[in-house]
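In what follows, a structure is listed as structure tokens, so that the remarks can point back to it.
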Protein chains: 2
Amino acid sequence: MARAATTSDAFNAIAEPQRREILALLRAGERPVTDLAQELGMSQPGASKHLRVLREVGLVRVREAGKQRLYGLDARGLRPIHEWVGGFEQFWNESFDRLDTYVQDLKQTQQEE
Amino acid sequence: MARAATTSDAFNAIAEPQRREILALLRAGERPVTDLAQELGMSQPGASKHLRVLREVGLVRVREAGKQRLYGLDARGLRPIHEWVGGFEQFWNESFDRLDTYVQDLKQTQQEE
DNA sequence: TTGACGCATTCCGATATGGGAATATGATTG
DNA sequence: CAATCATATTCCCATATCGGAATGCGTCAA
């Protein structure tokens, strides 16, 4: 088997930096593709491809507006990620005083040898 | 270019479900490789490979303990992710009343035609 | 030393990627 | 209808993946 598809879930979709930038931009409101492409310095096909991925995982919605297609944010799919990561909050605070102490002890032990 | 390396940052590293499971398990404390492999139903080399990725992005630390290597959680690298995703919190609440409303309006409009 | 154990690495195959270039599609305008 | 604008899709390439199988390597016990 190979790596999971970027479209397999939001975790994979947001692993790509440019897609994160797109999402960030869309917080300001809906935007047409070319707009996004230009603002982020990517090609039009590039933007379209990233938007396709975001659409497939449901992080973005499209609305037809004449010639244009306006993409808008649908952040609901980010919530599970926030919750999963949040499950580690106590560990990036509390716990690591211990670990740092441990590391310092180690260094000191080595110096003493 | 191809897809970014899984080791390029924490976002990529946690895109893989099994690595997420490893991290979750490690909240309970340090564990040797074989332990993890067995508990998660993966092969030993499989576990080793995933742990390597997690180590390279700094989400995990190793400690030699005789024959064994004890892996421990270092969740600090998850904090930036939590913050980035958190930047969308207002959008998965507030904003989507509007969008849902919009969608309902659309449906109604179509029925009326 | 010889085994045995715990882990890491390497080699393989199948697969999916992101980017660039070219092209197709669809709606709008004249 | 023809031309044009806004997007999407397709093709191609270089690259990196995850998984399985086999193997390497360091540590400990007899």
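What you see is a predicted model; the values in this text were computed from it and never measured. Convention: sequence-line order gives letters A, B, ...; per-chain numbering from 1.
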Between CZ of A:Arg19 and C1' of C:dG19 the distance, given in whole Å, is 13 Å
Which residue lies more 5' along DNA chain C, comparing B:Ala47 with A:Gln18 via nearest heavy atoms
B:Ala47
With a 4.0 Å limit, can you tell me whether B:Arg3 has a side-chain N or O closer than that to the phosphate oxygens OP1/OP2 of D:dT15?
no
Integer-rounded Å distance: C:dT17 C1' and A:Glu56 CD
14 Å
Spell out protein contact along nucleotides 22-30 of chain C as letters: B when the base is contacted, S when just the sugar-phosphate is, - when no protein heavy atom is under 4.0 Å; keep the 5' to 3' order.
B----SS--
State plainly whether one hydrophobic cluster holds both B:Val53 and B:Ile14, where clusters connect Ile, Leu, Val, Met, Phe, Trp and Tyr through side-chain heavy atoms under 4.5 angstrom apart.
no
What integer distance in Å separates B:Leu51:CG from C:dT9:P?
11 Å
Of the options D:dT17, D:dA6, C:dG19, whose atoms approach the side-chain atoms of A:Gln68 most closely?
D:dA6
Hey, can you tell me if A:Phe11 and A:Trp84 have their rings parallel, tilted or perpendicular (30° and 60° cut-offs)?
perpendicular
Rounded off to whole Å, could you give me the CD-to-C1' distance for the B:Glu30 and C:dG6 pair?
16 Å
Is it true that A:Arg20 and B:Asp9 have a side-chain N and a carboxylate O under 4.0 angstrom from each other?
yes
Nearest whole angstrom, please: distance from the P of D:dT17 to the CG of A:Asn12.
13 Å
Please report the distance, rounded to the nearest Å, between CD in A:Gln38 and P in D:dC5.
15 Å
Below the 4.0 Å mark, does D:dA8 have OP1 or OP2 next to a side-chain nitrogen or oxygen of A:Arg69?
yes
Which of these nucleotides, C:dG18, D:dA8, D:dT17, is closest to any side-chain atom of A:Glu16?
C:dG18
Assess whether salt bridge (charged side-chain N to carboxylate O under 4.0 Å, His left out) is satisfied between A:Glu16 and B:Arg3, documenting all intermediate values.
CA-CA 8 Å; A:Glu16 156 69 54; B:Arg3 197 167 173 182; over 6 Å; no
Any side-chain N or O of A:Thr6 below 4.0 angstrom from OP1/OP2 of C:dT17?
yes
C:dA8 OP1/OP2 closer than 4.0 Å to side-chain N/O of B:Arg52
no
Check the surroundings of atom CD in B:Gln38: do more than 12 heavy atoms from other residues, nucleotides or ligands lie under 6.0 Å from it?
no
Output the single nucleotide from D:dG19, C:dG20, C:dT9 whose closest atom is nearest the side chain of A:Ser43.
C:dG20
Charged N to carboxylate O under 4.0 angstrom, A:Arg79 versus B:Glu89?
no
Specify the separation, in whole Å, of atom CD1 of A:Ile22 and atom P of C:dG18.
11 Å
Can you tell me if A:Tyr71 touches the phosphate of D:dA8, counting only side-chain N or O atoms and a distance under 4.0 Å to OP1 or OP2?
yes
Looking at the side chain of B:Ala2, which of C:dT17, C:dG6, C:dT9 is the nearest nucleotide?
C:dT17
A:Met42 atom CE is separated from C:dG20 atom C1', nearest whole Å, by 15 Å
Side chains of B:Gln44 and B:Ser48: donor-acceptor distance under 3.5 Å anywhere?
yes
Any donor-acceptor N or O pair under 3.5 Å, side chains A:Arg19, A:Asn12:
no
